[in-house]
Participant: 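Let me begin by handing over the structure; questions about it come next.
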Amino acid sequence: MKTQSLPTQPRRRGLHLTAMVLALALLFLIDTATRYEVAVSVFYTVIILAMAHVLAWRGLIVLTGSCSALTWLSYFITSYGDQRAGFVNMLISTVAILITGYLACRAELARAAAHEARASLLRISRIHSLEGLTTSIAHELNQPLAAIVTSGNACQRWMAQDPPNLDKARQALQRILGDADRASGIIARVRKLSKGEPASTRPFVFNTAVREVLALSQAEMQRLDIAMRADLAPGLPLALADPVQVQQVIANLVLNAMEAVALVDVARRTLLVESLQLQDKLVFRVSDGGPGLPAGAQEQVFEPFWTTKHEGIGVGLSISRSIVEANGGHIWAELPAQHGAVFAFSIPAAPGEGEA
Ligand SMILES: Nc1ncnc2c1ncn2[C@@H]1O[C@H](COP(=O)(O)OP(=O)(O)OP(=O)(O)O)[C@@H](O)[C@H]1O
Ligand SMILES: [Mg+2]
């Protein structure tokens, strides 16, 4: 993000530049008019320091070069005093000018980087304050839409067979309907969010929600040769949260796990999906055999725009965290016993209700 110039800034900048040119001319005249032994040229460093906040790094390089050139020019024009002392003074001044110019450039680059970081912080907080509405819509709708396209293509292939495989085609159509439902659920939820309505919390069967998402991911898992195992605890109480939102989080975690194992050999492409009860919470956990998280990134991965993927936006986990916390739960990355990554979240169980 570029800095917006205020209307008064160009005038002030013009004044600074004029003062700089005058100071350079004055120093040059004094340096040339005085004896070799008087090291006036070292004061060019003061001009460089004074301009460090005005010029960008390219301007500072030009200024440093000009100061050095003027120092040398004065040396050749001056005609009085001890020439050897003058030569030594000129070398010392040149080194001082170059070092000052280098340090000023570095300070300017650091200032620009700090400015950029502040701008991106502002951008992030603005997006956060919209509760991820825009990014979140694009991100969340992407998954069911991509799944609809995949199932549509599969359906076309089953129908094109001779004779057509109607059973498989019907299954693909069912997946399309399921995905379309999910997409319209997301739109309905976003509409509620934009109207400021709360998430629609209701009791639902946790394992069914998990199975639905897994069914939608099945085709992609087959395509990527992923061996998935589901270990869903029987007899869990009902979950108490917004089921569409919870499915969105499950989909995000499963998708990340699939993307992670796609990076390793087929032999290590394993996924373990679990559901279990921990006191008054229900827990979903997915463990994968992928490359695992970068060292020390266990917390960072939940920050917005933190991504290691070329195509990634880095919002999947941060949106998941907002959703889970809004539903009274908690999301975390565990340290896996062996290789790979483990992600889990908890949501409240409905008090005193058994699984339907
Ligand atoms: N199962 C996993 N194994 C290894 N690294 C993971 C896993 N899940 C997440 N990560 C790391 O966390 C980062 C952030 O994940 P997140 O889902 O927020 O964004 P993303 O997947 O990069 O992009 P997108 O916004 O499309 O989801 C990933 O880029 C990846 O480095
Ligand atoms: Mg992701």
Side-chain angles (χ1 to χ4, degrees), residues 120 123-128 130-147 149-150 179 182-183 186 190 210 213-214 216-217 220-221 224-231 245-275 283-326 329-346:
S120 83
R123 202 166 56 221
I124 288 167
S125 66
R126 210 174 305 134
I127 286 172
H128 248 316
L130 281 175
E131 221 16 85
L133 261 185
T134 42
T135 323
S136 154
I137 296 167
H139 188 265
E140 294 187 12
L141 281 180
N142 229 5
Q143 289 169 11
L145 292 183
V149 172
T150 312
D179 273 319
R182 202 147 67 89
I186 291 167
V190 169
V210 174
V213 177
L214 294 182
L216 295 170
S217 322
E220 188 62 2
M221 291 212 200
L224 293 171
D225 269 331
I226 299 174
M228 195 268 294
R229 192 158 66 85
D231 188 358
Q245 292 191 348
V246 169
Q247 283 192 315
Q248 195 55 50
V249 177
I250 296 172
N252 272 338
L253 297 188
V254 171
L255 188 72
N256 273 350
M258 285 165 61
E259 287 171 348
V261 292
L263 299 173
V264 295
D265 285 349
V266 173
R268 268 181 56 189
R269 292 193 186 168
T270 54
L271 280 194
L272 171 63
V273 172
E274 293 164 281
S275 71
V283 174
F284 171 85
R285 180 191 283 138
V286 54
S287 320
D288 66 66
L293 298 182
Q298 232 174 320
E299 273 303 313
Q300 271 174 313
V301 288
F302 292 100
E303 283 167 19
F305 304 118
W306 199 94
T307 184
T308 52
K309 299 171 193 167
H310 283 306
E311 305 277 302
I313 315 176
V315 294
L317 287 176
S318 79
I319 290 172
S320 299
R321 180 161 66 178
S322 314
I323 292 178
V324 169
E325 287 175 358
H330 184 57
I331 188 167
W332 66 93
E334 289 175 13
L335 278 180
Q338 295 176 329
H339 52 256
V342 182
F343 279 87
F345 72 86
S346 65

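Remember, it's 1-based here, ligands and their atoms both numbered in the order they're listed. The figures that follow rest on heavy atoms only: side chains count, while hydrogens, waters and symmetry mates do not.
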Participant: Does Ser318 reach the main-chain N or O of Gly314 with its side chain, forming a donor-acceptor pair under 3.5 Å?
Facilitator: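 Checking the backbone N and O of Gly314 against the side chain of Ser318, no donor-acceptor pair under 3.5 Å is found.
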Participant: To check you understand the geometry: which heavy-atom pair defines the closest contact between Pro336 and Val342, and what is its length?
Facilitator: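 Looks like CB-CG2, 3.8 Å.
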Participant: Between Trp306 and Ala297, which heavy-atom pair has the shortest distance, and what is it?
Facilitator: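 It is CH2-CB, 3.8 Å.
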Participant: Can you list everything that forms a side-chain contact (heavy atoms from CB on, under 4.5 Å) with Ala251? Sequence neighbours excluded, please.
Facilitator: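 Ala251: side-chain contact (heavy atoms from CB on, under 4.5 Å) contacts with Gln143, Arg182, Val213.
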Participant: Do the side chain of Gln298 and the main chain of Ala333 share a donor and acceptor less than 3.5 angstrom apart?
Facilitator: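 Yes, because the side chain of Gln298 sits within donor-acceptor range (under 3.5 Å) of the backbone of Ala333.
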Participant: With rounding to the nearest 0.5 angstrom, report the CD to CG distance, Gln248 to Leu253.
Facilitator: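 So the gap between those two atoms works out to 10.5 Å.
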Participant: Taking all heavy atoms of Ala230 and all of Leu214, pick out the closest pair and write down the distance.
Facilitator: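 Shortest heavy-atom separation between Ala230 and Leu214 comes out as CB-CD1, 4.1 Å.
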Participant: How close do Phe284 and Ile250 get, heavy atom to heavy atom, and via which atoms?
Facilitator: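 Where Phe284 meets Ile250 most closely, the heavy atoms are CZ-CG2, 3.6 Å.
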Participant: Applying a heavy-atom distance cut-off of 4.0 Å, which protein residues contact ligand 1?
Facilitator: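 The 4.0 Å shell around ligand 1 contains His139, Asn256, Ala257, Glu259, Ala260, Asp288, Gly292, Leu293, Val301, Trp306, Thr307, Thr308, Lys309, Gly312, Ile313, Gly314, Val315, Gly316, Leu317, Ala341, Phe343.
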Participant: Which donor-acceptor pairs under 3.5 Å do side chains of residues 259-273 form with protein atoms, sequence neighbours excluded?
Facilitator:
residue : atom : partner : partner atom : Å
Glu259  : OE1  : Lys309  : NZ           : 2.5
Arg268  : NE   : Gly289  : O            : 3.1
Arg268  : NH2  : Gly289  : O            : 3.1
Arg268  : NH2  : Gly290  : O            : 2.9
Arg269  : NE   : Val261  : O            : 3.3
Arg269  : NE   : Val264  : O            : 3.0
Arg269  : NH1  : Leu224  : O            : 2.7
Arg269  : NH2  : Ala262  : O            : 3.4
Arg269  : NH2  : Val264  : O            : 3.3

Participant: Would you list the protein N, O or S atoms within less than 2.8 Å of the Mg ion (ligand 2), leaving out water?
Facilitator: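 Under 2.8 Å from the Mg ion (ligand 2) - ignoring waters, which are not counted - the protein N, O or S atoms are Asn256 OD1.
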